[in-house]
Amino acid sequence: MRVVRSLAGVGRFFYTFVVGDDWTVAAVMVLGLVATAALVANRINAWWLVPPLAVVMTAAALFKTTQRSGLK
Amino acid sequence: MTGAAIVLLTTFLASSVEAIEMVTIVVGVGVTRGWRSTLLGAGAGLALLVVIVAALGAALTAIPIGPLRVLVGALLLLFGLQWFRKGIVRVAAHGLAGYRGQAPQDEEVLSTGVDWTSFVLAFKGVLLEGLEVALIVVSFGASAGHLGTAIVAGAAAIVVVGAIGFAVNPLVARIPRSLLQLIVGTMLTSFGTFWALEGLGVSWPQSDADIAALIAFYGLSALAFIGIERRSARGTLNAVTS
């Protein structure tokens, strides 16, 4: 039982560490990395995809946070 | 200049670049979330690194560094974006007054008393960058036939950069925590982006200099977001009071 609790704790920790409070950001960023890998495989040096995507997803997450807190 | 001196200088400079990345992560996380777990993580990363280097020796170059970069980079990117976002919200809300002195509350501190977030961040930073230093040492040293000299240069780079990092630590500790969280979030996001994409086979146009470009890009984006958040909050306040 203690082992199960410990494993659950480790699982919770890694979920919080990787995904955090907005799973859509993590999901879209992983898709961005997959898309970059696909572009690189097709000989396109796609260094330009992930940085703007990270900024767009930050904007989306900030907008959602502001909406939730009722400031808008 | 003799062959050994060239190997010494080249290995020292190349290793210093990796050591700066390593020390930036450790000092940033240590100041932001506390030193105990950060140093535990850094120590564990260093211990594993020593075991790997001792076990593999010159065969170290067989380690698939690309997939390791993708894994560590992706994790740093995803975690860094969380601190990046929280830093923006907190600096926009409290300015530079921050929330100095509060214990970390955003992520879990498990019953062991170890702050695993600090532990994992420091562990990954030391292990990946340490492996890169080891690879530089082996590649430069073995190819030039001066492995001993290259080992001294690599170790010296870590010691010198580490000493500088800990010397500036009191200055870093004076930065308000909300701003520090934003700065460290920006750094982690930038390093994470750089490593993950490099591991995927992307060739950065200006090589390592693009880390600085990424920090500038994310930093300017953060400033823009803080401005927008503040204007939005002021607009709401005006609407309520009018």
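Each chain gets a letter, A, B and so on, in the order the sequences are listed, and its residues count up from 1.
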Taking the inter-plane angle between the rings of B:W83 and B:F79 on a 0 to 90° scale, is it parallel (under 30°), tilted (30 to 60°) or perpendicular (over 60°)?
-> tilted
Select one option (side chain, backbone, both, neither) describing which atoms of B:L76 are under 4.5 Å from chain A's heavy atoms.
-> neither
Side chain / backbone / both / neither for B:F194 at chain A, heavy atoms under 4.5 Å | neither
Chain A shares the most heavy-atom pairs under 4.5 Å, among B:V70, B:T193, B:V120, B:L77, with B:V120
Walk me through it: do A:K64 and A:T24 pass the test side-chain hydrogen bond (donor to acceptor under 3.5 Å, both in side chains)?
-> CA-CA 11 Å; A:K64 272 196 277 185; A:T24 55; 3.0 Å; yes
Find the one option among A:A26, A:P51, A:A54, A:A59 whose heavy-atom pairs under 4.5 Å with chain B are most numerous.
-> A:P51
On a heavy-atom basis, the closest approach of A:V25 and A:A61 is CG2-CB, 3.9 Å
Going through the checks in order, is the salt bridge (Lys or Arg N to Asp or Glu O under 4.0 Å) test met by B:D115 and B:R36?
-> CA-CA 8 Å; B:D115 173 14; B:R36 185 173 162 268; over 6 Å; no
Would you name the heavy atoms of B:V126 and B:L49 that are closest together and state the gap between them?
-> O-CD2, 4.5 Å
Measure distances from A:V40 to the heavy atoms of chain B and classify the residue's part below 4.5 Å as side chain, backbone, both or neither.
-> side chain
Derivation of the side chain to side chain contact (heavy atoms under 4.5 Å, CB included) call for B:R69 and B:E132 = CA-CA 10 Å; B:R69 277 194 189 124; B:E132 297 204 11; 3.0 Å; yes
In terms of heavy-atom proximity below 4.5 Å to chain A, should B:S203 be classed as side chain, backbone, both, or neither?
-> both
Largest heavy-atom contact set with chain B, pairs under 4.5 Å, which of A:L62, A:D22, A:V50 = A:L62
